J.: 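There's a structure below that I have some questions on.
All values below come from the heavy atoms of this structure, side chains included, with hydrogens, waters and symmetry mates left out. Counting from 1, the numbers follow the sequence of the chain as shown. Just so we're clear, the structure is a prediction, and the values are computed from it rather than from any experiment.
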Amino acid sequence: MHDDRRITEVRLDRFLRERITLAIYSRSVPLALSSWEVPDEPVPVMEALRQDFRPQEHGAAWGRPWGTTWLRLQGEVPDSWGTAPDTEVEMVVDLGFTTEIPGFQCEGTAWRPDGSIIKAISPRNQYIPLKLLGSGMAVDFYVEAASNPDVAQGWTFAATPYGDKATAGNLPQYRFGSIAIAELNRSVWELQQDIATLRGLMHELPMELPRRHEILRALERMMDIMDPDDVAGTAAAGRAALAGVLARPAYGSAHQLLATGHAHIDSAWLWPVRETMRKCARTFSNVVALMDDDPDFVFSCSSAQQMAWIKQFYPELFGRIREKVKSGQFVPVGGMWVESDTNMPGGEAMARQFLEGKSFFLDEFGIDCQEAWLPDSFGYSAALPQIVKAAGSQWFLTQKISWNQINRMPHHTFNWEGIDGTRLFTHFPPVDTYNSELTARDLAHAERNYRDHGHGTISLVPFGYGDGGGGPTREMLAAAHRAADLEGSPKVRIGTARSFFEQAEAEYTALPVWVGEMYLELHRGTYTSQARTKQGNRRSEHLLREAELWCATAAIRTGGAFTYPAAELKRLWRLVLLQQFHDILPGSSIAWVHQDAERNYAAIAKGLEELIAQAGAAALGEGSEEFLLNAGPHERNGVAALAAAAPPPGPETSVQVAARDGGFLLDNGIIRAVLDANGLLTSLRDHASGREAIAPGQFGNHLELHRDTPNEWDAWDIDEFYRRNVTSLTEAASVTLERQGGDAVVVVERLTGASRITQRIRMASGSSSLGISTEVDWQEREKLLKLGFPLDLRADRSAAETQFGHVFRPTHVNTSWEAAKFEICAHRWIHVAEPGYGVAIANASTYGHDVARSIRDDGGTTTTVRLSLLRAAKFPDPQADRGRHVLDVWIRPGAGIAEAVEEGYLANLAPRKMRGGHAVEPLVSVDSVALVVEAVKLAEDGSGDVIVRLYESLGERSTGHVTANFPTKQVHAVDLLERRIEAPGVAAGKNSADLVLRPFQLVTLRFVR
């Protein structure tokens, strides 16, 4: 047989492109257009409909960057249209789309004249069925057209002015395409879907498989049968020619794919939060419209924040969604407020993501989400399994690890074991995307890529346009139905994530185990980019801790005279949680997003400071005595944890200072430091051990400036080769000494390039650590600033704080997995040690670190810890991090893990002093240094019960006693949603609890008043 395969395939491509696609709409007539351009920011629909609409020319240029143009579309459907068999009338609206990047360009929302939403208009979803207009044959509706610019620019990562309204300009971005009433031929459309399914499957099958050639010849017969000049008239015959190959059932052993509709809408990224609200409305209105047409369609919605926006700004749509939730088609999943970053949010913030998210879905829909859903976050903290289980959930889904640069995850379905030993059933969809279009290529890849064949038979496929929204389309649903039972294809079934997890869990019982963090071998720069956003997050987390503690304390100590501001605290928490979205906190969004975040953080700080001041005044009463409010979990300056008291008088001491070789020797009796003539730390000792912390012949407080030009994803990535180009900033313009009370401060001025650096190195009286405050007027581009400390100790691993504990990482690079972790995340502290001696380095807002070690000529080991202070990426914000920054670090020699934990809290909870009439006893007392209280608040249900969250902090089995210092009826353990549970190691009584906790165990106690 002669091989004419390629000739037939080319013929098919052209037949599909020039005959089938063009015949889907057999005829059309233009709609009459009028328009109104919104002067600035978007307005509500009823305000827009009241405006004066002027005639609008077809094909005209329109839309300044980030603008909104309202269109009124009017016309009359011609007689007899839509009356013939297999024909329907639709409006087709092309706003000037390209078909390449749905969600990253202009978009529209169609509205009825009564202000009710119809559905979205997007690049691959341009139609509006006449039946949705509800106006008979007369056409009259509106389109809210958003001229969002193409910030991505083909993913060239070139600097762009479009991320900031101030620099985006006013030039029109788009030109209207066809806007018309059109007659859809349903038979032709269905034939197009048949061809798409078979053509795609054919190209995925091996050449030697008979099935491939059977499909090709069926497609050939279809083309032979059909009349290219009468596609509509012969479409039914064409479909009949393909019916046989479409009807062949799948292999008995075919992989099963549970397809669930999804739209991974980034809550901000290359667009601002305000635009995300509209993206959600567009996407969800599309979804509801599809559900009306296809009762089998199921959609998974993963962000409570996005549903809260719909409830607030689109109440009519929210009501329709509520009905679809009841019918089981619109399914809340994930149970988080947003799909947050998981590397950098603090422990309490991660707990609140689930508290707020799950509570919202329970309150609004009666749904208790059982799966955590984070397909796109940039790596996954080893603390997550315990947090997810503590929220009452049992499953976890992610996809992003498929982006690893070097190593491939060995499993797709597995148990994930966290730092405390909690195991969580986890699935990593082998389709390798959360935006599947259910093409044959996607389906075949999922089946081929699945690493658990022979043990499991099913995987999950989230389908629908995401990132910029859009969601599933009718073409995707057609593909799913055709692949339900099709020879050569995996079996596709549309359903819920819950049904997938239940089936997978039932069939795959001897699960492999992955222990520890799921580190993403990419996007390591997100620990550092946009430092102001990260500072705002860290500061907000700790202000919220203080505000809740003191408000709860004031409410109880005043007998209710002070009203606990539950609603305001919830509002502020939710705003902080929003900023922890995985493109905001990581610093990977446009300038507009980070400007909004900085304004939000300033407002959050203002609001929380006011609450703290009000609560403090109420708790302390009237008076002029000065008290220290200690919100930390450790005693501070003689004031008990969580208490307010006047610090006991102590001996008046001052740091001793001596000049030494142009520099200074500082000694407070606890630690001793030597700074040379350039302000470099040449010696650091603690008096208790007498041991030198700085490696011989080296120096700490070492600023280094690296070239930072990643291959792609500028704000996201630090590539390993950055290390090969470095400038050591050792020369000081000046080094001077200041005395502030009993403290000594060495001020060091440095210049590098266009940036000025001022360091204030403080040794405080009575302190066990040396503080280094680095103020930078940062004017660099594509540079990375690091601060390093070469330490004279042999550490085979580092300990870095994460949520409710710490994670160990090797300092060696024996394997590719270890070598890939050349940049790591730590929260408030990082610790390195050898048996008997360690050093802790704490920070107030820095997350990116690296730890390396080397062997010296004397045989000793130098372990170098460096903090990543600042970056200067050019995309997507070309001005990222420009300007003034203050970054604070403390180094504590002779420290164990307990001291590192304490130092982390000291670094982030500045001493707070207030005047009042009397001291305030802590609401609860804990008798073990290992058990750290992370939150004290009043219960969510308004009962006035006190909620205390604590964890084992040292990574060892620890015991302790927690006692309430106020009248209580009983104490019991609860989950993160404050529902009563049985917790291992918790023996609760009337007003106290005895705890025997495993390493890093998280416990939440409810003290019933």
Side-chain angles (χ1 to χ4, degrees), residues 16 19-32 73-95 97 99 108-113 116-143 177-197 226-227 230-240 242-243 261 282 285-297 320 329 470-482:
L16 179 62
R19 305 294 179 175
I20 301 296
T21 300
L22 295 182
I24 289 174
Y25 292 107
S26 55
R27 48 188 176 174
S28 65
V29 293
L31 283 159
L73 297 80
Q74 296 173 289
E76 189 77 24
V77 178
D79 292 341
S80 79
W81 279 29
T83 59
D86 287 333
T87 62
E88 303 168 17
V89 176
E90 295 184 338
M91 310 303 116
V92 178
V93 180
D94 179 0
L95 297 175
F97 303 120
T99 58
T109 310
W111 297 86
R112 298 182 187 89
S116 60
I117 195 168
I118 305 173
K119 66 179 290 290
I121 305 294
S122 58
R124 299 183 193 177
N125 195 342
Q126 301 180 17
Y127 69 95
I128 302 169
L130 176 65
K131 63 183 181 182
L132 294 185
L133 299 183
S135 56
M137 302 300 278
V139 175
D140 188 3
F141 69 103
Y142 295 82
V143 171
S178 173
I179 301 178
I181 304 171
E183 187 177 51
L184 171 75
N185 188 294
R186 176 61 68 172
S187 290
V188 177
W189 184 87
E190 295 286 359
L191 175 61
Q192 182 193 48
Q193 309 317 307
D194 293 343
I195 296 170
T197 292
M226 290 187 65
D227 181 352
D230 185 15
V231 170
T234 56
R239 294 201 71 199
L242 300 178
R282 296 178 196 124
S285 61
N286 275 343
V287 164
V288 171
L290 279 176
M291 288 174 179
D292 289 337
D293 288 337
D294 188 340
D296 294 328
F297 172 45
R320 291 158 60 193
Q329 288 185 273
T473 64
R474 60 184 177 185
E475 289 77 16
M476 296 176 195
L477 293 177
H481 293 312
R482 285 164 173 76

J.: Using the side chain to side chain contact (heavy atoms under 4.5 Å, CB included) definition, which of the options Asp140, Val92, Ile181 pairs with Leu31?
T.: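 When Asp140, Val92, Ile181 are each tested with Leu31, the side chain to side chain contact (heavy atoms under 4.5 Å, CB included) holds only for Ile181.
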
J.: State, with a plain yes or no, whether a side-chain heavy atom of Ser285 is found less than 4.5 Å away from one of Ile118.
T.: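 The answer is no, as the side chains (C-beta and beyond) never meet within the 4.5 Å cut-off.
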
J.: Take atom CG in Asp79; do more than 12 heavy atoms of anything else shown fall under 6.0 Å from it?
T.: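 No.
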
J.: Quick check: do Val139 and Met91 have side-chain heavy atoms less than 4.5 Å from each other?
T.: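 The answer is yes; the side chains approach within 4.5 Å.
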
J.: Mind checking the NZ-CG spacing from Lys119 to Asn125? Nearest 0.5 Å is all I need.
T.: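 One finds 3.5 Å between NZ of Lys119 and CG of Asn125.
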
J.: If only atom types and distance count, is the side chain of Gln193 paired as donor or acceptor with the main-chain N or O of Leu477 below 3.5 Å?
T.: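 Not at all, since once roles are kept as given, no pair shorter than 3.5 Å links the two residues.
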
J.: So how far is it from Arg112 CZ to Leu133 CG, rounded to the nearest 0.5 Å?
T.: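 Here the interatomic distance stands at 7.5 Å.
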
J.: Would you say the side-chain atoms of Asp194 pair up with the backbone N or O of Arg239, donor to acceptor, closer than 3.5 Å?
T.: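 No, the answer is negative, given that no donor and acceptor are paired below the 3.5 Å cut-off.
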
J.: I need the minimum non-hydrogen distance between Tyr142 and Pro113, along with the two atoms involved.
T.: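 Smallest interatomic distance, heavy atoms only, reads CE1-CA, 4.0 Å.
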
J.: Once you round to the nearest 0.5 Å, how far does CD1 of Ile117 lie from CG of Leu132?
T.: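 Interatomic distance, Ile117 CD1 to Leu132 CG, rounded to 0.5 Å: 12.0 Å.
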
J.: Report the residue from Leu130, Val29, Leu184 that forms a side chain to side chain contact (heavy atoms under 4.5 Å, CB included) with Trp81.
T.: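 Single pass found, and it is Val29.
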
J.: What closest approach, in Å, do Thr83 and Ser80 show between heavy atoms, and which atom pair accounts for it?
T.: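 Looking at all heavy atoms of both residues, the closest pair is OG1-O, 2.5 Å.
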
J.: Treating Arg27 as the side-chain partner and Ala182 as the backbone partner, does any N or O pair qualify as donor plus acceptor under 3.5 Å?
T.: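 No, because the side chain of Arg27 does not come within donor-acceptor range (under 3.5 Å) of the backbone of Ala182.
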
J.: Minimum heavy-atom separation for Ala232 and Asn185, please, with both atom names.
T.: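 That closest heavy-atom pairing would be CB-ND2, 3.4 Å.
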
J.: I'd like to check the side-chain contact (heavy atoms from CB on, under 4.5 Å) partners of Gln192; sequence neighbours left out, ordered by chain and number.
T.: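 Listed in chain order: Leu16, Ile20, Thr21, Ile24, Trp189.
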
J.: Measuring from atom CZ of Arg320 to atom CE of Met291, what distance do you get when rounded to the nearest 0.5 angstrom?
T.: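 Going from the CZ atom of Arg320 to the CE atom of Met291 covers 11.0 Å.
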
J.: Any idea which heavy atoms bring Leu290 and Tyr127 closest together, and the distance?
T.: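 Shortest heavy-atom contact: CD2-OH, 4.2 Å.
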
J.: Give the minimum heavy-atom separation between Asn286 and Gly470, together with the two atoms involved.
T.: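 For Asn286 and Gly470, the tightest heavy-atom pair comes out as ND2-O, 3.5 Å.
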
J.: Is a donor from one side chain sitting under 3.5 angstrom from an acceptor on the other, for Asp296 and His481?
T.: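 Checked: Asp296/His481 side chains show no N/O donor-acceptor pair below 3.5 Å.
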
J.: Between CG of Leu95 and CD1 of Ile179, what distance do you get to the nearest 0.5 Å?
T.: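 Nearest 0.5 Å value for the CG-CD1 distance: 6.0 Å.
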
J.: Can you tell me how far the CD1 atom of Ile128 sits from the CG atom of Leu73, to the nearest 0.5 Å?
T.: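 That separation rounds to 7.5 Å.
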
J.: Gly108 and Val143: which non-hydrogen atoms are nearest, and at how many Å?
T.: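 Scanning both residues, the minimum pair turns out to be CA-CG1, 4.2 Å.
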
J.: Ignoring hydrogens and geometry, is there a side-chain-to-backbone donor-acceptor pair from Glu183 to Ser26 under 3.5 Å?
T.: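 No.
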
J.: Should Glu90 and Arg474 count as an ion pair when the cut-off is N to O under 4.0 Å?
T.: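 A salt bridge is present here (some side-chain N lies under 4.0 Å from a carboxylate O).
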
